[in-house]
**Student:** 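Below are the structure tokens for one structure; questions will follow.
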Amino acid sequence: MVDLAYVIAGSEATGGAGLQADLKTFQQLGVYGVGTTTCIVSFDPKNNWSHRFFPVPAEVVAEQIEAATAAHDLDVVKVGMLGTPATIETVAAGLGASSWRHVVLDPVLICKGQEPGAALDTDNALRSQILPHATVVTPNLFEAQTLSGMEAITSVDDLVEAARRIHDLGPQYVVAKGGVELDGDDAVDVLFDGSEVTLLTAPKVGNERVSGAGCTLAAAITAEIAKGAAVADAVATAKDFVTAGIQGRVSANTPFDTVWQGA
Ligand code: PXL
């Protein structure tokens, strides 16, 4: 019997990020993916690929969670972009209604190009209602700064400190991603499990962020956990998987490239 993994996330219409990247990752790693759509993001090619955002009504999100969890015995879930406080409340209730072996939270506060300020109410709701369910959380640099309350993260030491502070908020495992944002030749991410710090290092592939990298990393962690891997092993495999996907990235008419999960 194939292992199953569940994802609750937003659709991203160009196919590079969000639910599309998550389900491709699950498939590539050999797990049966089940997805719930929280919102639809359609970049606007007429307006510099800015984000057009449409929230799926909260009751329809609840119905999808009901269908998915009734149809399958799911024990590992990834939570991606939620988008609004109403959706967050619904997803928190859905998470609370089942028992999970692991909840992997990619705390998407903004997607590329959005104004940081637009995310504040969502940030607070995410922190108070979703974070308590998470066993693994995968903030990028900006999200790590926001969740930890640190003024700035400019070094790997800062990133480790942020991971420690976020661990204090509840999640057992924190994967804080420096990616291309910190200086240096390597993309460094930090795993903190409450006692040990592990650095995950790979040579940077260019200096531009690649769309779908964060989604793919968290989805790959989820898939590996679904197959029975320990979290630290799942994170290491996921880092290799996303690095290969960035090396084999797909370019498009957008100003950014996207991860190719099949690389
Ligand atoms: O990359 C973060 C992200 C997650 N989920 C959705 C997105 C984006 C960024 O565009 O659109 C749906």
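Along the sequence shown, residues are numbered consecutively beginning with 1. Order of appearance sets the numbers: ligands from 1, and atoms from 1 within every ligand.
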**Student:** Within a radius of less than 6.0 Å around CD of Glu181, do more than 12 heavy atoms belonging to other residues, nucleotides or ligands occur?
**Tutor:**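 Yes, because the 6.0 Å sphere around CD of Glu181 holds more than 12 heavy atoms from other groups.
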
**Student:** Should you measure from each heavy atom of Gly10, which atoms of ligand 1 turn up under 4.0 Å away?
**Tutor:**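 Counting atoms of ligand 1 from 1, those under 4.0 Å from Gly10 are 12 (C).
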
**Student:** Can you spot which of Val61, Val56, Ile8, Val7 makes a side-chain contact (heavy atoms from CB on, under 4.5 Å) with Thr37?
**Tutor:**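 Testing Thr37 for a side-chain contact (heavy atoms from CB on, under 4.5 Å) against Val61, Val56, Ile8, Val7 leaves exactly one candidate, Val56.
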
**Student:** Above 12 or not: heavy atoms from other molecules or residues under 6.0 Å from CG of Asp44?
**Tutor:**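 Yes, the 6.0 Å shell around CG holds more than 12 heavy atoms from other groups.
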
**Student:** Under the side chain to side chain donor-acceptor pair (under 3.5 Å) criterion, do Thr222 and Tyr6 qualify, and how do the steps go?
**Tutor:** CA-CA 8 Å; Thr222 308; Tyr6 183 32; over 6 Å; no

**Student:** Minimum heavy-atom separation for Val259 and Val210, please, with both atom names.
**Tutor:**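 Heavy atoms only, the tightest pair is N-CG1, 3.6 Å.
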
**Student:** I need the contact type for Ala9 against ligand 1. Using non-hydrogen atoms and a strict under-4.0 Å cut-off, is it side chain, backbone, both or neither?
**Tutor:**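 The answer is neither.
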
**Student:** Does Gly214 have a non-hydrogen atom less than 4.0 Å from ligand 1?
**Tutor:**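 No; Gly214 lies far enough from ligand 1 that no heavy-atom distance drops under 4.0 Å.
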
**Student:** List ligand 1 atoms under 4.0 Å from Ser11, heavy atoms only on the residue side.
**Tutor:**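 By the 4.0 Å cutoff, the relevant atoms are 12 (C).
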
**Student:** Which of the atoms in ligand 1, numbered in the order shown and given with their element, are less than 4.0 Å from a heavy-atom of Met81?
**Tutor:**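 Listed by number with element, the hits are 5 (N), 6 (C), 7 (C), 12 (C).
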
**Student:** Is there a donor in the side chain of Gln261 and an acceptor in the side chain of Thr216, or the other way round, less than 3.5 Å apart?
**Tutor:**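 Gln261 vs Thr216: donor-acceptor pair found between side chains.
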
**Student:** Is the shortest distance from a heavy atom of Gly80 to ligand 1 less than 4.0 Å?
**Tutor:**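 No, Gly80 has no heavy atom closer than 4.0 Å to ligand 1.
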
**Student:** Under a 4.0 angstrom heavy-atom cut-off, which atoms of ligand 1 come close to Phe43?
**Tutor:**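 Checking each atom against Phe43, I get 10 (O).
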
